[in-house]
Amino acid sequence: MIDIKTIRDQAGLVKQSLRKRNENDDVVDVILEFDKQRRKIIEAVNALRGQRNAASKKVAQLKASGENEEAEKVIAQAKQLGQQIATEEKKLSEYEEKIMELLLRIPNICHESVPFGNSEDDNVEVRKWGKPRVFDFEPQAHWDLGPKLKLMDFERAAKLSGSRFTVMYSCFARLERALINFMLDVHTKQHGYTEVWVPHLVKRETMTTTGQLPKFEEEAYRIESDDIFLIPTAEVPLVALRSNEILQEADLPLRYVAYSPCYRREAGSYGKDVRGMIRQHQFDKVELVWLTTPEKSFEDLERLVSDAETVLKLLELPYRVVELCTADLGFGAAKTYDLEVWLPSYNNYKEISSCSNDTDFQARRGNIRYRRRSDGKLVFAHTLNGSGVAIGRALVAVVENYQRSDGRIDVPKVLQPYMNCEVIP
RNA sequence: GGAGAGGUGGCCGAGCGGUCGAAGGCGCUUGCCUGCUAAGCAAGUGUGGGGACUACCCCACCGAGGGUUCGAAUCCCUCCCUCUCCGCCA
């Protein structure tokens with residue numbers, strides 16, 4: 001959520017940011033008008049309440065000195081005031097609700113460094129690492145190779161759960177688990193993250209903190225009986241972990257890493273990535289989250305990206321780093337880098353990690369603050385999140401990039417201790 | 001799921017219808033004192049919102065939301081959470 005003060009003081013900037021994202025900016029003027037009304041009512045309510053408080057005080061005094069008749073008179077007046085206050089308060093809460101509803105649906109303000117663009121085609125490649133392997137045979141896509149090896153089973157997954165699910169057996173199932181452990185170890189041991197184990201079902205409030213709600217409710221799986229949601233990423237519980245808390249500046253940055261399954265309805269992506277396990281309703285991910293200060297957050301984002309890159313480097317998977325343009329930026333993000341891994345089946349790079357600085361957008365929604373040492377003030381923290389990295393897509397990348405002409409798959413060196421083998425199967 | 005207890009400021013903890021934004025303690029800040037440190041003494045120390053927009057005034061906030069009342073941290077209702085016991089259970 002952006003600060004209503006920013007809308008008041010820098011309406012132009014907010015409108016510009018919305019337009020850069022290809023969004024309508026009319027909402028800004030609507031909010032400004034509601035805000036004007038709201039403040040007018042607040043003035044009125046405050047004055048009325050002041051009068052009533054004074055009257056109540058008088059009642060206490062009069063009763064103490066035994067002037068009961070006089071007290072009754074004042075009580076009658078105060079009762080009148082109470083009714084007026086009630087009407088004004090009702091109007092006030094109506095405006096406040098309207099403003100909050102709109103505010104919760106406005107995306108974060110793009111950082112000035114974000115390249116302008118109209119679609120994902122305008123994203124900017126920042127750097128490349130590794131060279132896509134040149135095969136001396138026709139490499140197979142994982143959706144062909146996996147079932148052929150009887151290690152991936154899309155048919156039975158569909159029987160159990162419908163489309164966009166996968167069943168895996170033996171070496172592939174173990175590879176999934178190996179990747180999870182490998183990545184958690186890299187981030188905890190090499191990068192110093194704190195490992196967190198999180199709930200996969202969260203409250204509406206928690207989903208609102210990170211920005212999944214209210215705008216994208218149709219994207220989430222919801223358990224109706226309890227109005228509780230399956231997390232679409234561990235970012236949700238990790239960011240909200242410290243909601244409504246006051247942090248110590250000395251403790252910042254807090255850096256969390258968590259493995260979790262991710263559940264996404266993928267509403268509206270009907271034609272996309274229909275083959276294989278690239279786009280699933282359920283997938284595993286190791287997620288990185290930082291809670292940091294406004295002064296450091298953009299610098300920290302570079303660190304976060306580099307931490308995610310380390311995983312791909314260690315796996316020796318060719319990838320590139322792309323900076324998202326304004327039109328492709330996510331709802332809560334002020335700036336985002338995507339990591340894209342080379343996939344032979346796509347003959348292209350495919351997103352495997354997305355690293356964003358959400359600035360104070362989520363912190364304001366979740367009320368995550370810290371006490372600033374320099375002046376003792378409470379300020380909203382900045383939150384960063386990034387995949388470190390997506391497990392399912394990493395598995396696909398390993399399978400496709402490490403395949404041999406005989407259909408077997410070499411196990412990347414760093415995974416061998418986790419797999420207890422050098423080749424699959 | 002059943003029975004009971006409870007949720008108060010950065011923390012601990014009083015208050016149970018009016019002068020309570022909230023005693024007391026701890027912590028923190030400043031000043032004094034002091035070879036250093038510790039102790040001691042004194043003062044200060046919540047957040048948010050409105051308006052004047054400087055040192056000022058007002059309003060709200062004692063888990064959340066409703067209600068009773070001239071007036072609620074204090075009474076009533078609903079919800080959330082924590083703890084204890086019972087039941088069930090991976």
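Please read these numbers as outputs of a predicted model, since none were measured by experiment. Below, each value reflects all heavy atoms present in this structure, side chains not excepted, and no hydrogens, waters or symmetry copies. Here is how names work: the chains are called A, B, and so on, in the same order as the sequence lines, proteins then strands, and each is numbered from 1.
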inquiry  = Are A:Y193 and A:Y256, when compared by the centres of their aromatic rings, separated by less than 6.0 Å?
reply    = no

inquiry  = Side chain of A:K63, heavy atoms from C-beta onward: which of B:G18, B:G50, B:C59 has the nearest atom to it?
reply    = B:G18

Check: A:F165 ring centre within less than 6.0 Å of A:H281 ring centre = yes

message = Using a 6.0 Å cut-off, check whether atom CD of A:E112 has over 12 heavy atoms from anything other than its own residue.
response = no

task = Classify the nucleic acid contact of A:K5 as base, sugar-phosphate or nothing, counting any heavy atom under 4.0 Å across all strands shown.
result = sugar-phosphate

query = Any side-chain N or O of A:R204 less than 4.0 Å from the OP1 or OP2 oxygen of B:C80?
reply = no

message = Can you check the distance between B:G49 and B:G21, where both ends of the measurement are the C1' atom (answer in whole Å)?
response = 16 Å

ask   = At under 4.0 Å, does any side-chain N or O of A:R371 touch on OP1 or OP2 of B:G10?
value = no

message = Heavy atoms only, 4.0 Å cut-off, all strands: where does A:L81 land among base, sugar-phosphate and nothing?
response = nothing

request  = Could you work out which one of B:C80, B:G49, B:C70 sits closest to the side chain of A:K203?
outcome  = B:C80

ask   = How is A:G50 classified with respect to the nucleic acid when contacts are heavy atoms under 4.0 Å: base, sugar-phosphate, or nothing?
value = sugar-phosphate

query = A:R38 side chain: which of B:C59, B:G50, B:C70 is closest?
reply = B:G50

message = Using Watson-Crick or G-U wobble geometry with both distances under 3.5 Å, which nucleotide pairs with B:U19?
response = none

ask   = Using a cut-off of less than 4.0 Å, is there contact between a side-chain N or O of A:R52 and OP1 or OP2 of B:G71?
value = yes

message = Quick check on RNA chain B: between A:A78 and A:Q248, whose nearest nucleotide comes earlier from the 5' end?
response = A:Q248

query = Touch check for A:R364, heavy atoms < 4.0 angstrom, all strands: base, sugar-phosphate only, or nothing?
reply = nothing

ask   = Does a donor on one side chain sit under 3.5 Å from an acceptor on the other, for A:T292 and A:D300?
value = yes

ask   = Does A:K57 have a side-chain nitrogen or oxygen under 4.0 Å from the phosphate oxygens OP1 or OP2 of B:G18?
value = no

ask   = Strictly under 6.0 Å, is that where the ring centroids of A:Y221 and A:Y263 end up?
value = no

inquiry  = Over all strands shown, is A:V59 touching base, sugar-phosphate only, or nothing at heavy-atom distances under 4.0 angstrom?
reply    = base

key: C1' spacing across the pair B:U78 / B:G24, given as an integer number of angstrom   = 35 Å

task = Name the pairing partner of B:G40, where a pair is Watson-Crick or G-U wobble with both distances under 3.5 Å, or state none.
result = B:C32

key: Short side-chain N/O contact to B:C59 OP1/OP2 from A:N53, under 4.0 Å   = yes

ask   = Using atom P of each nucleotide, how far apart are B:U45 and B:G50 to the nearest Å?
value = 23 Å

message = Considering every strand and a 4.0 Å limit on heavy-atom distances, what is the contact class for A:R369: base, sugar-phosphate, or nothing?
response = sugar-phosphate

